Asker: 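Shown below is the structure under consideration.
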Amino acid sequence: MVPWNFLYENPLTQNVISWFLFFYGVALPVVIIIGAIGLKGFIELTRFEKGSTFLYKLNPVTKLVFGVVVMAVASTTIWWIGALLTLAILPLYLTLNNGLKKFLYVVLLVFSTIIGSTWAIAPYTPTSVLELVFPNPSSYETLWVWPSYFTYMGYEPVLTLQAVIYGLQTSFRVTATLVSALLLILTTTTSDIFRMFTKMKIPLPITFSIMVGVRTVPKIFEVLDTSVKMQLLRGLSYNKPKVLRVFYYLYAGIMAIVPAIVYLFRGAKTLAISADTRGFRAYPGRTSLVNLSFTNLDYIMFAVIVLLIIVDIVANLTGFGRTIPYEGL
């Protein structure tokens, strides 16, 4: 029994606090993203900038393989391996251009991802799944009891400490994949990806899809940023109290989604026409003036990748492998 049990035993305080917790889980990651990171921060985290440190010198294939292996290891091993991978990869952002700024942005993004993922999992996890992680249901500690109508939203009747821990553990699978994937986007040009994948005889449709994805992600935030600014210039939030501006900013962000999607669809059509007019896939092969190769830095990185694969295998053989549901501590 928790000290605040009288709050959820009273119907009035139970309803008020339950709705506060509901909006807390939804709004806090959004407030962090909008207030602390902002669209400029997302542009900073998803746009390639030319640099000279070792991450910029790695072959695109090396960085792609590293991201895939990190995702595989984080998704098939115990939660703290994913957490350690996240902590180990984060300092690499300090080596990038404007490294300190990117590091702070990505730390905030990881924090908001942990809050959002935990809150997206914990209230919905049934006891049958929790029993796979915490075998003794009688030891579960009740943190909060939701009003009965919350079950229509998919909530479990009771929020337990074990459900929150389960959500927190699962979130580290997301963060490890996120921080490794952003490194590829930040340090690789789409042209280099295309050149290297073509050289490796990877099918052009796959190469083209990855290239379009890498190019489009920063464009999404640029378009959203422009659309939000246009709405503010047209008078949205003018003469309104400063304390309410974050809500107007959020409203402007929601209203910017449709124009941004329309703009991106038009851009996709233009890209398709451009590819057709340049004879894309007209011939089975193509030539390139730039010759990308694997250097000693790539071989060092491949050694790290092999080490991660060994860690994954050893973890699974020694009982530290985990899949969904996230069985065991």
Side-chain angles (χ1 to χ4, degrees), residues 44-107 109-110 113 172-203 206-207 209-211 213-215 217-218 288 290-317 320-321:
E44 189 84 20
L45 280 176
T46 55
R47 182 176 58 192
F48 170 78
E49 292 178 356
K50 193 173 182 180
S52 58
T53 58
F54 80 98
L55 283 170
Y56 295 97
K57 297 175 182 175
L58 289 175
N59 192 291
V61 174
T62 306
K63 288 179 275 191
L64 180 63
V65 172
F66 175 71
V68 172
V69 170
V70 167
M71 179 179 65
V73 173
S75 60
T76 57
T77 56
I78 196 166
W79 68 273
W80 49 262
I81 292 180
L84 289 176
L85 282 174
T86 303
L87 293 175
I89 295 172
L90 280 177
L92 294 178
Y93 284 82
L94 292 170
T95 68
L96 305 177
N97 286 346
N98 296 319
L100 182 59
K101 184 188 292 186
K102 286 185 173 68
F103 176 76
L104 294 175
Y105 280 143
V106 79
V107 167
L109 182 61
V110 166
T113 302
F172 286 112
R173 291 182 162 179
V174 181
T175 57
T177 305
L178 178 67
V179 294
S180 60
L182 285 177
L183 282 179
L184 170 67
I185 296 173
L186 283 168
T187 60
T188 313
T189 66
T190 52
S191 299
D192 284 348
I193 293 176
F194 196 86
R195 290 188 188 100
M196 196 64 213
F197 279 30
T198 302
K199 187 177 179 180
M200 295 183 68
K201 308 298 182 187
I202 293 176
I206 296 176
T207 304
S209 300
I210 295 175
M211 187 184 68
V214 171
R215 179 181 179 277
V217 170
S288 176
V290 180
N291 183 28
L292 292 174
S293 59
F294 292 99
T295 64
N296 289 336
L297 290 173
D298 291 289
Y299 297 130
I300 294 172
M301 202 64 184
F302 275 121
V304 174
I305 292 169
V306 171
L307 180 63
L308 287 175
I309 295 173
I310 293 173
V311 167
D312 191 1
I313 295 172
V314 171
N316 278 275
L317 291 177
F320 292 103

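Note that the structure is a prediction, hence the values are computed from the model and not measured. Scope of the values below: all heavy atoms of this structure, side chains included, with no hydrogens, waters or symmetry mates.
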Asker: With Ile313, which of Ile310, Leu317, Asn316 fulfils side chain to side chain contact (heavy atoms under 4.5 Å, CB included)?
Answerer: Leu317
Asker: Do the side chains of Thr187 and Leu58 get nearer than 4.5 Å, heavy atoms only?
Answerer: no
Asker: Does some side-chain heavy atom of Leu308 sit less than 4.5 Å from a side-chain heavy atom of Leu85?
Answerer: yes
Asker: Which residue in the set Leu94, Leu92, Leu96 passes side chain to side chain contact (heavy atoms under 4.5 Å, CB included) when paired with Lys102?
Answerer: Leu96
Asker: Under the criterion side-chain contact (heavy atoms from CB on, under 4.5 Å), I'd like the reasoning laid out for Leu109 against Leu182: C-alpha separation, chi angles, the key distance, then a yes or no.
Answerer: CA-CA 11 Å; Leu109 182 61; Leu182 285 177; 3.9 Å; yes
Asker: Report yes or no: does Ser180 contribute a side-chain atom to a donor-acceptor pair with the main-chain N or O of Thr177 at less than 3.5 Å?
Answerer: yes
Asker: Looking only at atom types and distance, does a side-chain atom of Lys63 sit under 3.5 Å from a main-chain N or O of Leu183, one as donor and one as acceptor?
Answerer: no
Asker: Is Thr86 reaching over with its side chain to a backbone N or O of Ala176, donor-acceptor style, under 3.5 angstrom?
Answerer: yes
Asker: Is Thr53 reaching over with its side chain to a backbone N or O of Thr95, donor-acceptor style, under 3.5 angstrom?
Answerer: yes
Asker: Without swapping roles, check the side chain of Tyr93 against the backbone of Tyr105 for a donor-acceptor pair under 3.5 Å.
Answerer: no
Asker: Do Ile78 and Phe172 have side chains that approach each other closer than 4.5 Å (heavy atoms only, starting at C-beta)?
Answerer: no
Asker: Answer whether the closest heavy-atom distance between the side chains of Thr77 and Val311 falls below 4.5 Å.
Answerer: no
Asker: Quick check against the 3.5 Å criterion: does Lys57 have a side-chain atom that pairs as donor or acceptor with the backbone of Thr295?
Answerer: no
Asker: For a 4.5 angstrom cut-off between non-hydrogen side-chain atoms, does Leu184 reach Phe66?
Answerer: no
